[in-house]
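Notes for the one structure printed next.
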Amino acid sequence: MSVHDLLLRRESRASRMIAWAALSSAGFGAAVGSYAGRWQIAYDAVKMPVYLLGTLAISFAAMHLFAARHLGSRETFAVALETVAVTAVVLGALAPLVWLLSVSLPSDPGRRDPPSERGYRILILLLTGSVAAGGVAGVARLQARLRSLRLTAVWVMLYQFVGAQMAWLLKPWVSHTGTDDRFLPLGDNLRGNFYESVTRTVLGLFS
Amino acid sequence: MAAPETPDSRLFDKLDRDEFDSDRLLRGLTGPFSVVGAILRAPGALIRDLGGDRNLSRYSASLILTTMLFSAAYGSILGLFEPGVQTLYAAAKLPLVVVGTAMLCTPTFYVFNAILGSPFTFRQAATAILFLSASTALVLLAFAPIAWFFTVSTGGRGFLTFFHLLIFVVAAGYGMRSLNQARRYLAHVDRTRISIHGGFLFLWFLIVLFVALQMAYYLRPFLEPLPDHRFFTGERGLFFDVFSLPTAGARTGSLD
């Protein structure tokens, strides 16, 4: 199966979908890592497929139970892979644009001067937009397969619940400070979690 | 009773009559340049070949070649503001911007169109974008003598910057108009499918402009050489800086 078949909703094989998801998301990861450069390019190229496929592996059982019980487990797996692969291919398509901004936006590791801060924020905005575009494309495909808004919503909630923590665990992604050029600082990342951090941030707004 | 004639129907009738022998693209050294004739006089034939996936490898090679040569020619005119090594640099930089923008924007065009229901393959999508870039480069070439005349007879950097920007806007506008015309004609030729999604195409044009401006900004300067004759400044920044940071722009942010 080519990526063309995947995009046009034709018959799909699991191995090919995994390959496309891994390759495309690795390309997007490499583009993100280009902002810090050097090893961060390779780190993010490895981490992005781990993020997408790892989240799928961990949340699959719950998604099957709560959102796709009417399907066989093989069918659920095919739908899940297709959703992740479409998301990843969209991210891969946006990778050249992310790469251009990653290599040309101001970046001054360690100093955090105003132009670097602004460059970092623009990049984060672009990344958020890219992931949102990939997510919308993936969810649209999911909805076409499940044909139920309620089940799609449950599926997305489960995937995102795990995905947010997975992203937290795998950080740093952009590595803009210049001091965290590390692949997987688990010691830091296992202290607290995504949801605690969000809660602290929200409470901090009112204190 | 015959259907009333509209501007669209007249255009489609004209495009229907267009003929171009794409086998000519392989004949001799000048063969690849016959694609210029197709762009100018027989775009309908080129667009039908695009929709039917006929001889697209030949078209792509010819379109890339013409885009690179024509934009290099215009680039050298940019660099003639201060003749010397800058002439060569600018001649190398402009094809990088034009072809680089086309390459960076091709995956987005292909994937989003496919998701929106287009049966276009990657090769068809890439050729469509090269049609845009070659049309743009063709307009740049057409303006090259005028740009040269003003470059050698004018000393004002400000005027020339504005003049070149105006030409780029006209050239990019023509390229986008060509691709939009291709979209409309493809929809007319085969009403059962959408080859290029109209709504997305306009959003994509904005992405193209953004990428082109950012590439041009990153590869600056084009008019005046750097004091140490480097190829480009290597300084990072966003092209908005030209408008928002007048002080910094005077130092590093200017497109020229």
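Convention: sequence-line order gives letters A, B, ...; per-chain numbering from 1.
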Contact listing (chain A partner; residues 193-211 of chain B; heavy atom under 4.5 Å): B/I207, B/F210, B/V211

Enclosure of B/F232 CZ (heavy-atom neighbours >12, cutoff 6.0 Å): yes

Those residues of residues 85-103 of chain A, ordered by number, that approach chain B below 4.5 Å (heavy atom to heavy atom): A/V86, A/V89, A/V90, A/A93, A/L94, A/P96, A/L97, A/W99, A/L100, A/L101, A/S102, A/V103

Heavy-atom contacts under 4.5 Å, residues 106-123 of chain B to chain A: B/P107, B/T108, B/Y110, B/V111, B/F112, B/A114, B/I115, B/S118, B/P119, B/F120, B/T121

More than 12 heavy atoms from other groups under 6.0 Å of CZ on A/F66: no

Neighbours of chain B found in residues 124-154 of chain A - heavy atoms under 4.5 Å: A/A133, A/A137

Test item: B/R236 side-chain N/O and A/L105 main-chain N/O as donor-acceptor pair under 3.5 Å: yes

